[in-house]
Enquirer: 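Handing you this structure, nothing more for now.
Numbers for residues simply follow the sequence, beginning at 1. In listed order, ligands and their atoms are each counted from 1. Just so you know, these numbers use all the heavy atoms, side chains as well, and skip hydrogens, waters and symmetry mates.
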Amino acid sequence: GLTDLHIHAPQYEFRGTAMDLELIEWLDRQTFPAEVKYGDTEYAERAYAVFADQMKKSATTRACIFATRHSESTKILMDHMEATGIVSFVGKINMDRNAPEELREDSVSSAADTVAWLESVRGKYERTFPILTPRFIPSCTDELMRSLAEIRREYALPVQSHLSENRGEIAWVKELHPDCAQYWETYDKYGLWKDHTVMAHCVHSSDEEIALMKKQGVYIAHCPQSNTNLSSGIAPVRRYLEEGLHIGLGTDIAGGHSLSMLRAIADAIQVSKLRWRLVDDSLKPLSLEEAFYMATMGGGAFFGKVGSFLEGYEFDALILDDSSLRHPQQLSARERLERLIYLSDDHCITGKYVSGNKIF
Ligand code: GUN
Ligand code: FE
């Protein structure tokens, strides 16, 4: 089974478009206008039905999902995800600054809506769980972060957000928080930086940030396709692996355009080679085994004993059929898996199990 550690459900509709922009412009011109539409629950119902259906057919068995700031639509997404059989964390986004009028919450109602949403989904699902989701520092005031920290403690929630993705974004965080020398301090300051936290990207993390993530047990969601599309850069993944940080892979739909976690494995290997040749020849490229590990056990650990066929692990599995990928020669099992990672599409996925349950 493969864990997508970072994906935005409302962005699925515009995947593969607006790919010539960098992060902040992409958010303002493409992403925020798209997310505004999820204030309409009928629209959300239609859009999330498509998203959940595609997730069900995909290679993904577990996922950490961002919704929008709208509680009602987030509940609709959770209903749809529950029905897929996939195990997921789903977050209502919090954002009370630097957003268009229709998306911007006020600090008090953002926290109050979050509590109301948490209460309304409490114990409702078997495999769909809430996760606290401050969008990123530029979207959240200190006042809101303080309230979210209290909510996190009270409800013992996991947390997901974005960290050190893009140079322009990092400079902006410095401007907004002159008191913090490092991006991570803005999360640390409010206690939103604990062992059940996943931070997407970490492309430009400083030595101090990396040390703190290790100390606090933070998970990194490496999103190679998104980091390429939005010209964010290439994360030093080998360093994270060697230093023993928790790390998994994410598609980051729609910064990334492909929903395929098999494709994410190939992308992680490819960008690591470019990084090695062009950026830093001290960090060797990732092997197939290392990238496969991140997509399975690396991200799976965020969900418990997940991502392996070892004893005691939950049974998550894909059945892959490579008969359409024709070849005349004999192939080993490893070669067949590698070809599926590089060549397969959804047609090759002929079965899926999550936590022992047959999905199809
Ligand atoms: N940072 C804040 N919001 C977003 C988002 O929606 N996608 C990505 N890739 N980065 C973000
Ligand atoms: Fe993202």
Enquirer: Take the Fe ion (ligand 2) as the centre and count protein N, O or S atoms at distances under 2.8 Å.
Expert: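 Considering protein N, O and S only, the Fe ion (ligand 2) has 4 within range.
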
Enquirer: Say whether S355 and N357, considering side chains only, have a donor N or O and an acceptor N or O under 3.5 Å apart.
Expert: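 Distance-only check fails for S355 and N357.
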
Enquirer: Dump the intermediate steps for salt bridge (charged side-chain N to carboxylate O under 4.0 Å, His left out) on E13 and K37, then the final yes or no.
Expert: CA-CA 11 Å; E13 61 173 69; K37 295 185 283 184; 2.5 Å; yes

Enquirer: Indicate if L318 and F360 have the same hydrophobic cluster label, given that clusters are the connected sets of ILVMFWY residues with side-chain heavy-atom separations under 4.5 angstrom.
Expert: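 Hydrophobic grouping puts L318 with F360.
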
Enquirer: Could you pull out all donor-acceptor pairs under 3.5 Å where a side-chain atom in residues 240-249 meets a protein atom, sequence neighbours excluded?
Expert:
from : atom 1 : to   : atom 2 : distance (Å)
Y240 : OH     : C202 : O      : 2.7
E243 : OE2    : R239 : NE     : 2.8

Enquirer: Pick out which of R97, R69, H70 makes a side chain to side chain contact (heavy atoms under 4.5 Å, CB included) with E105.
Expert: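 Answer after filtering R97, R69, H70: R69.
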
Enquirer: Will you find, in the side chains of S110 and N94, an N or O donor that is under 3.5 Å from an N or O acceptor?
Expert: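 Yes.
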
Enquirer: Classify the ring geometry of F302 against F89: parallel below 30°, tilted from 30° to 60°, perpendicular beyond 60°.
Expert: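 Geometry flag for F89 against F302: perpendicular rings.
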
Enquirer: Give every residue pair that meets the side-chain hydrogen bond (donor to acceptor under 3.5 Å, both in side chains) criterion with at least one member in residues 226-236, sequence neighbours excluded.
Expert: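 Passing the test, one end in residues 226-236: H201-N227, S226-D252, N229-H257.
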
Enquirer: Using the six-membered ring wherever Trp is involved, compare the ring planes of H162 and H8 and label them parallel, tilted or perpendicular (cut-offs 30° and 60°).
Expert: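 Taking H8 first and then H162, their aromatic rings lie parallel (interplane angle under 30°).
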
Enquirer: Measure and list all N/O to N/O distances between ligand 1 and the protein that fall under 3.5 angstrom.
Expert:
from     : atom 1 : to   : atom 2 : distance (Å)
ligand 1 : 3 (N)  : R135 : NE     : 2.8
ligand 1 : 6 (O)  : Q11  : NE2    : 2.9
ligand 1 : 6 (O)  : R135 : NH2    : 2.7
ligand 1 : 9 (N)  : E165 : OE2    : 2.9
ligand 1 : 9 (N)  : D252 : OD2    : 2.7
ligand 1 : 10 (N) : H162 : NE2    : 3.4
ligand 1 : 10 (N) : E165 : OE1    : 2.8
ligand 1 : 10 (N) : E165 : OE2    : 3.4

